[in-house]
Peer 1: 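Please see the structure below; I have some questions.
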Amino acid sequence: MALQGKKLINNPDDVVTEFIEGLVETYPGLQYLDGFPEIKVVLRADAVGGAYDKVAVISGGGSGHEPAHAGFVGPGMLTAAVSGDVFASPPVDSILAAIRAVTGTMGCLLIIKNYTGDRLNFGLAAEQAKSEGYKIEMVIVGDDCALPPPRGIAGRRGLAGTILVHKVAGAAADAGLSLADVAAEAKHASEAVGTMGVALSVCTLPGQVTSDRLGPEQIELGLGIHGEPGAAVVELQTVDVVVEHVLKQILSQETQYLPITRGSNAVLLINGLGATPVMELMIAARKAVPELQLEYGIAVDRVYTGTFMTSLDMAGLSITIMRSDENILQRLDAPTKAPAWPVGSEGNRPPAKFPVPVPPSPSMKDDEILSERQELSKQGCMLEAAIEAAAKELIDLKDNLNDWDSKVGDGDCGTTMYRGATAILEDMKTRYHLNDAAGTVNEIGSTIRKVMGGTSGILYDILCKAAYASLKQNKNITAYEWADALEASIAAVSKYGGARAGYRTMLDALIPASTVLKQSLKAGDDPVTAFIASSEAALAGAESTKQMQAKAGRSSYISPDHLVSIPDPGAMAAAAWYRAAALSVKNKLHASES
């Protein structure tokens, strides 16, 4: 039976901001941007204000992997680190705030792990920063060697090898190299590194129950760092056997993930996943070094053993191998004051906070509220009812979505949707001009962007922004304009997210809905009948994901056997709010006619 996880925390919603506050109190060379809770950025105290005269190196991602990434901020490594919520990619505004805070004339290199949410959010932030005049390059690290060559668009996951890429890039930047040269060294390092993880337990998210997926005598091979299932579950084995298996997989000539052969030189990193004693990590290191030297003929130049990139309180370890050369060793040996490398904590303590830089041209005022209650038109009343019904349906579905997602992902889909839905209901009271349908859809996207985070948040924001762009062209918005807006939204999500029909995503609910809606309207059905019919198609599409092989998102890393009979949580969420909105419009119309 699953039990509530025990944590030394206060409010589960505050764990990331309180971690950052503790970090900067501990290490005087660090500050954070004063933008909590939306903006969670740790930066070098000596690199703020836009006067930094070297290439800024920024990384980040979801929290829960501490000390990564904030613990690697310091001279010789990262200039800033951007944190999202636990296991959720940081929002675009946070990434932009970090770029504006530390990037000078030499430009900025973004180093990210290969996860869809990070690629989307950092990619969008990079494009926005370029439009503001910043020089930006990005390197994506995908060092996972556990799984067969990836299906679909997801690619290999980014794991602990990213830390070595941070060190190489940070040292290159500290040496005064140009942005192009720093990016080239980081890319070279990212292509020379491979990692595989092994777990003895499943991690527990703050405020949630502990999963009982692994039995007391089982371990999981090839897992990711978000609690998602690995490549295989096997019986508990000795650490020597585990190390042999992991090294064999990383150095496999079949996959050829790592360009390293007998006679090569390498760097070894043994990384604890959060709850692994140093003793066990050292035992693994003691096996790995002679195994590489004697069995594979690889000279081990450096060994780093400790806790670098975790998965909350997961027991287990990952092993990373990086092919080394004279330049990489020079970068790894270069001095750094990043606290998790680790270093001391000498120096005067500056103020902990630094103000968030003001964007050059704000697109909207976050503090603008409606001064009085709106007098709603008939369409405004319909829109209000649809939004309220859709949001309440997601709130009611929270536990089911989390349950499905715990089997095929990281277990937080329901929590993420709940956070967005409750914020929408709150903002609808004071921020949405409901008589302006296009503007309301745009504001919903802004609400989602602020609170949801992760891949779901950015994709729904993209969906809303595309719908707004379509709707705002029309003064009189009819069912046909709504159908065009849905079609435009789907196209935008597919363009930026990469998914299509059959990829086991929310589009498998929305694409059938869009098709049926257009067909029904073209056939002469009244708008409400068409809306209801399309919502039924959305539900059928979501249910059909039970038989699909995932080609996008974290489910694509999971064996198809684990996915059978479990629907895609994102598709079920999309179908649920769409269906609830359709039924509310029908009921509202009937009530007004009776």
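These numbers were taken from a predicted model, which means no experiment stands behind them.
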Peer 1: Measure the NE2-CG distance between His226 and Leu205 for me, rounded to the nearest 0.5 Å.
Peer 2: 10.0 Å
Peer 1: Step by step, would you call Arg331 with Glu185 a side chain to side chain contact (heavy atoms under 4.5 Å, CB included)?
Peer 2: CA-CA 10 Å; Arg331 299 304 183 208; Glu185 289 204 17; 2.9 Å; yes
Peer 1: Salt bridge check: are Asp568 and Lys546 linked by an N-O gap of less than 4.0 Å?
Peer 2: no
Peer 1: Ignoring hydrogens and angles, tell me if any N or O in the side chain of Thr79 forms a donor-acceptor pair with the backbone of Val57 under 3.5 Å.
Peer 2: yes
Peer 1: Taking the inter-plane angle between the rings of Phe308 and Phe72 on a 0 to 90° scale, is it parallel (under 30°), tilted (30 to 60°) or perpendicular (over 60°)?
Peer 2: parallel
Peer 1: Give me the atom names and distance for the closest heavy-atom approach of Met196 to Gly222.
Peer 2: CE-N, 3.8 Å
Peer 1: For residues Leu459 and Tyr496, determine if any side-chain heavy atom of one lies less than 4.5 Å from a side-chain heavy atom of the other.
Peer 2: no
Peer 1: Just how far is it from atom CD1 of Ile250 to atom SG of Cys145, taken to the nearest 0.5 Å?
Peer 2: 5.5 Å
Peer 1: Answer yes if the side chains of Thr545 and Asp508 hold a donor-acceptor pair under 3.5 Å, and no otherwise.
Peer 2: no
Peer 1: I'd like to know if the side chain of Ser201 and the backbone of Ala315 have a donor-acceptor N/O pair within less than 3.5 Å.
Peer 2: yes
Peer 1: So, does Thr195 use its side chain to make a donor-acceptor pair with the main chain of Leu159 at under 3.5 Å?
Peer 2: no
Peer 1: Would you check if Asn271 and Leu317 make a side-chain contact, meaning some heavy-atom pair closer than 4.5 Å?
Peer 2: no
Peer 1: Could you walk me through whether Glu191 and Lys187 satisfy the side chain to side chain contact (heavy atoms under 4.5 Å, CB included) test, starting with their C-alpha distance in whole Å, then the side-chain angles of each, then the deciding distance to 0.1 Å, before giving a yes or no?
Peer 2: CA-CA 6 Å; Glu191 294 170 345; Lys187 189 172 189 303; 2.3 Å; yes
Peer 1: Nearest 0.5 Å, please: how far is CD1 in Ile270 from CD1 in Ile319?
Peer 2: 4.5 Å
Peer 1: Hey, what do you get for CG (Leu268) to OH (Tyr304), rounding to the nearest 0.5 Å?
Peer 2: 10.5 Å
Peer 1: Under 3.5 Å, is there a donor-acceptor pair between the side chain of Tyr32 and the main chain of Val24?
Peer 2: no
Peer 1: Are any of the side-chain heavy atoms of Pro339 and Leu30 separated by less than 4.5 Å?
Peer 2: yes
Peer 1: Got a donor-acceptor contact below 3.5 angstrom from the Gln128 side chain to the Ala125 backbone?
Peer 2: no
Peer 1: List the atom of Ala288, the atom of Leu247, and the distance in Å for their closest heavy-atom pair.
Peer 2: O-CD1, 4.0 Å
Peer 1: Could you walk me through whether Lys7 and Asp313 pass the salt bridge (Lys or Arg N to Asp or Glu O under 4.0 Å) test, one step at a time?
Peer 2: CA-CA 9 Å; Lys7 302 280 186 183; Asp313 57 351; 3.2 Å; yes
Peer 1: Answer with yes or no whether the side chains of Ser59 and His166 bring together a donor and an acceptor at under 3.5 Å.
Peer 2: yes
Peer 1: Should His65 and Ser311 be marked as a side-chain hydrogen bond (donor to acceptor under 3.5 Å, both in side chains) after you check the CA-CA gap, both sets of side-chain angles, and the distance that decides it?
Peer 2: CA-CA 5 Å; His65 308 302; Ser311 184; 5.3 Å; no
Peer 1: Is any side-chain heavy atom of Met138 closer than 4.5 Å to one of Ile58?
Peer 2: no
Peer 1: Could you give the distance from CZ (Arg157) to OG1 (Thr162), rounded to the nearest 0.5 Å?
Peer 2: 12.5 Å
Peer 1: Which heavy-atom pair separates Gly411 from Asp405 by the least distance, and what is that distance?
Peer 2: N-OD2, 3.1 Å
Peer 1: Using the side chain to side chain contact (heavy atoms under 4.5 Å, CB included) rule, take His69 and Ile111 through it: C-alpha gap first, then chi angles, then the decisive distance, then the call.
Peer 2: CA-CA 11 Å; His69 295 273; Ile111 301 175; over 6 Å; no
Peer 1: For side-chain hydrogen bond (donor to acceptor under 3.5 Å, both in side chains), just list the numbers for Thr415 and Asn402, CA-CA rounded to whole Å, side-chain angles, deciding distance to a tenth of an Å, and then say yes or no.
Peer 2: CA-CA 7 Å; Thr415 303; Asn402 277 341; 2.9 Å; yes
Peer 1: How close do Pro90 and Ile95 get, heavy atom to heavy atom, and via which atoms?
Peer 2: O-CD1, 3.8 Å
Peer 1: Might you point out which heavy atoms bring Thr255 and Gln249 nearest each other, and give the distance in Å?
Peer 2: OG1-O, 4.4 Å
Peer 1: To the nearest 0.5 Å, tell me how far Asn10 CG sits from Asp13 CG.
Peer 2: 11.5 Å
Peer 1: Report yes or no: does Glu66 contribute a side-chain atom to a donor-acceptor pair with the main-chain N or O of Gly64 at less than 3.5 Å?
Peer 2: yes
Peer 1: On a heavy-atom basis, which atom in Ile321 and which in Ala266 lie closest, and how many Å separate them?
Peer 2: CG2-CB, 3.8 Å
Peer 1: Using the side-chain hydrogen bond (donor to acceptor under 3.5 Å, both in side chains) rule, take Arg100 and Tyr134 through it: C-alpha gap first, then chi angles, then the decisive distance, then the call.
Peer 2: CA-CA 8 Å; Arg100 293 171 183 142; Tyr134 293 99; 5.3 Å; no
Peer 1: Leu110 pairs by side chain to side chain contact (heavy atoms under 4.5 Å, CB included) with which of Ile136, Val82, Asp118?
Peer 2: Ile136
Peer 1: Say whether, by atom type as modelled, one donor and one acceptor occur between the side chain of Thr447 and the main chain of Ile424 under 3.5 angstrom.
Peer 2: no
Peer 1: Evaluate the side chain to side chain contact (heavy atoms under 4.5 Å, CB included) criterion for residues His245 and Gln237: first the C-alpha distance (whole Å), next the side-chain angles of each, then the deciding distance (0.1 Å), finally the verdict.
Peer 2: CA-CA 11 Å; His245 176 84; Gln237 300 167 341; 5.6 Å; no
Peer 1: Is there a side-chain hydrogen bond (donor to acceptor under 3.5 Å, both in side chains) between Arg156 and Asn114? Walk through the geometry before answering.
Peer 2: CA-CA 7 Å; Arg156 294 164 62 195; Asn114 186 32; over 6 Å; no
Peer 1: For Asn400, which of Asp396, Leu397, Asp403 qualifies under side chain to side chain contact (heavy atoms under 4.5 Å, CB included)?
Peer 2: Leu397
Peer 1: Going by heavy atoms in the side chains, are Met506 and Leu463 under 4.5 Å from each other?
Peer 2: yes
Peer 1: Is there a side-chain contact between Ile20 and Lys40 in this structure, where contact means two heavy atoms from C-beta onward sitting under 4.5 Å apart?
Peer 2: yes
Peer 1: Answer yes or no: are there more than 12 heavy-atom neighbours, outside Tyr418 itself, under 6.0 Å from its atom OH?
Peer 2: no
Peer 1: Looking at side-chain heavy atoms only, is the closest gap between Met417 and Lys398 below 4.5 Å?
Peer 2: no
Peer 1: Using a 3.5 Å distance criterion without hydrogens, assess whether the side chain of Thr416 forms a donor-acceptor pair with backbone atoms of Met452.
Peer 2: no
Peer 1: Does Arg44 reach the side chain of Tyr52, with side-chain heavy atoms less than 4.5 Å apart?
Peer 2: yes
Peer 1: Tell me if a side-chain donor or acceptor on Thr455 pairs with a main-chain N or O of Gly117 at a distance below 3.5 Å.
Peer 2: yes
